[in-house]
There are 2 protein chains.
Amino acid sequence: MPREGTAVTRREELLAIAARLFAERGFKNTTVRDIADAAGILSGSLYHHFDSKEAMVDELLDSFQQELWVRYDAIAASDRTPRQKLEDVVRASFDAIDQHHSEVAIFQTDAAYLGTFDRFAYLEERNVRFRTLWTGLLAEGVASGELRSDLDVELVYRFLRDTVWVAVRWYRPGGDLTPGQVADQYLHILLEGIRHG
Amino acid sequence: MPREGTAVTRREELLAIAARLFAERGFKNTTVRDIADAAGILSGSLYHHFDSKEAMVDELLDSFQQELWVRYDAIAASDRTPRQKLEDVVRASFDAIDQHHSEVAIFQTDAAYLGTFDRFAYLEERNVRFRTLWTGLLAEGVASGELRSDLDVELVYRFLRDTVWVAVRWYRPGGDLTPGQVADQYLHILLEGIRHG
DNA sequence: TAGCCTACCAAGCACTTGTTTGGTTCGTCT
DNA sequence: AGACGAACCAAACAAGTGCTTGGTAGGCTA
């Protein structure tokens, strides 16, 4: 029996199916019947495994973000220079796009809407932590002389953040480019610019 | 009687209200009752002005894109250098984010979903034109020596496109930064990089 | 073999959704 | 005065929504 992704239990398999559909069509545009159809069962049967449709996307986003932050925290605690940490964070993010493509896509598309519910308050909290981490690294990079001193840190932060994560819209895992290659090119553009020098 | 935006007819006023709500919550998350409530009428009354909810978003996106392309075509037909044209297109895009904020936000959030319907086939068509324009300018810039010769044009195109349009998520018309200022900073980062040189 | 558990079905419920229909108000123009 | 049209109301409808309930097939274990 073919299974979705790396799922081992039926529950994980269903969650992976839901993740794919949420990512493709958006959370609100995906019905529990869509998920059930894709899994070959009836919609009511999903409720044997999950409390609600919201609980599914909650579990997807929360577990993904927890895993991501383990890596971010390790980078932040390392003894590399600010610029190196910045590069590490970018690479970690592209790895996340590669390995948790659906989750990132859901986050990109639906986080703004989901964030309006109490249940997903942690999304906003993580956003704050993310902003603190990146702007801190940028400021340190400017202070250490590794980055240009005329940078508007806030604007560069938003530039960086959006540039990295929005790549989920075109990047396809298993395609021509590895996440490492994409990260290299992005960092090269970002650090050196595209102008002929 | 206060009116939304620059609307002069009731129809335009309703369309502006719908645009704001679509942009804030997404198309699917906005009900016709939401729109009607915001306008102070009953949901059925909307159908005196519009054929359907889809027709509303259709009109918003189509008219916005037509206006945008008038400007793009003028830039493409100008006698400036490839790099200058590239800068002009970026500036025109940030102007669009400033002046048609809701429409851009709707496009960013819902185009992928809406594009699956026949009615919105023009969205995909415009995407192709957009890609042709930008990759063409990038290739010309490389050929003319204005841009680095080791650029992966396809990747830089996606980088540019996403970087510019995703700014709609944080840019607020009437805030501290004018669209021109944002464009200047974005272009500076893009062309020169953020590394201390 | 009896009990139990996982996974599922069959049917439906309460609610929300976009949309329709027939009628009403009210200002404008002849 | 009368006709007309733009704007809106009141009420409903059919389809779709997330979710619930009671029941069942079949494998595993004691």
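So that the names make sense, note that chain A is the first sequence line, chain B the second, and so on, each numbered from 1.
A:Thr81 and A:Glu146 share a side-chain donor-acceptor pair at under 3.5 Å. A:Tyr157 and A:Asp162 share no donor-acceptor pair across their side chains, judged by distance under 3.5 Å alone. A donor and an acceptor atom, one from each side chain of A:His188 and B:Arg148, are located under 3.5 Å apart.
Within the 3.5 Å criterion, the main-chain N or O of A:Thr178 finds a donor-acceptor partner in the side chain of A:Gln181.
Annotation: proximity of residues 108-123 of chain B to DNA chain C (heavy atom, distance under 4.0 Å) is found for no residue.
In this structure, B:Leu191 and B:Leu147 approach most closely via the heavy-atom pair CD2-CD2, 4.3 Å.
For A:Arg11 and C:dC8, the CZ to C1' distance is 16 Å, given to the nearest whole Å.
Aromatic rings of A:Phe64 and A:Phe107 (six-membered ring for Trp) have centroids beyond the 6.0 Å cut-off, not under it.
Ionic pairing of A:Arg11 and A:Glu59 is present here: one or more N-O contacts between side-chain nitrogen and carboxylate oxygen are shorter than 4.0 angstrom.
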(request) List the protein contact pattern of nucleotides 13-28 of chain C with one symbol per nucleotide (5' to 3'): B for base contact, S for sugar-phosphate-only contact, - for none; contact means a heavy-atom distance under 4.0 Å. (result) ----BBBB--------
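How far NZ of B:Lys53 is from OH of B:Tyr47: 8.5 Å, rounded to the nearest 0.5 Å.
The cationic group of B:Arg129 lies under 6.0 Å from the six-membered ring centre of B:Trp69 and within 45° of the ring axis, placing it in a cation-pi geometry.
Protein chain A touches strand DNA chain D; the 5'-most and 3'-most nucleotides with an atom under 4.0 angstrom of its non-hydrogen atoms are D:dT17 to D:dT20.
Residue contacts for A:Leu42: at a heavy-atom cut-off of 4.0 Å it reaches a base atom on one of the strands shown.
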(message) Set out, in order, the CA-CA distance, both residues' side-chain angles and the distance that settles ring pair (Phe, Tyr, Trp, His ring centres under 6.0 Å) for A:Tyr171 and A:Phe94, then state yes or no.
(response) CA-CA 9 Å; A:Tyr171 179 82; A:Phe94 277 110; 7.6 Å; no
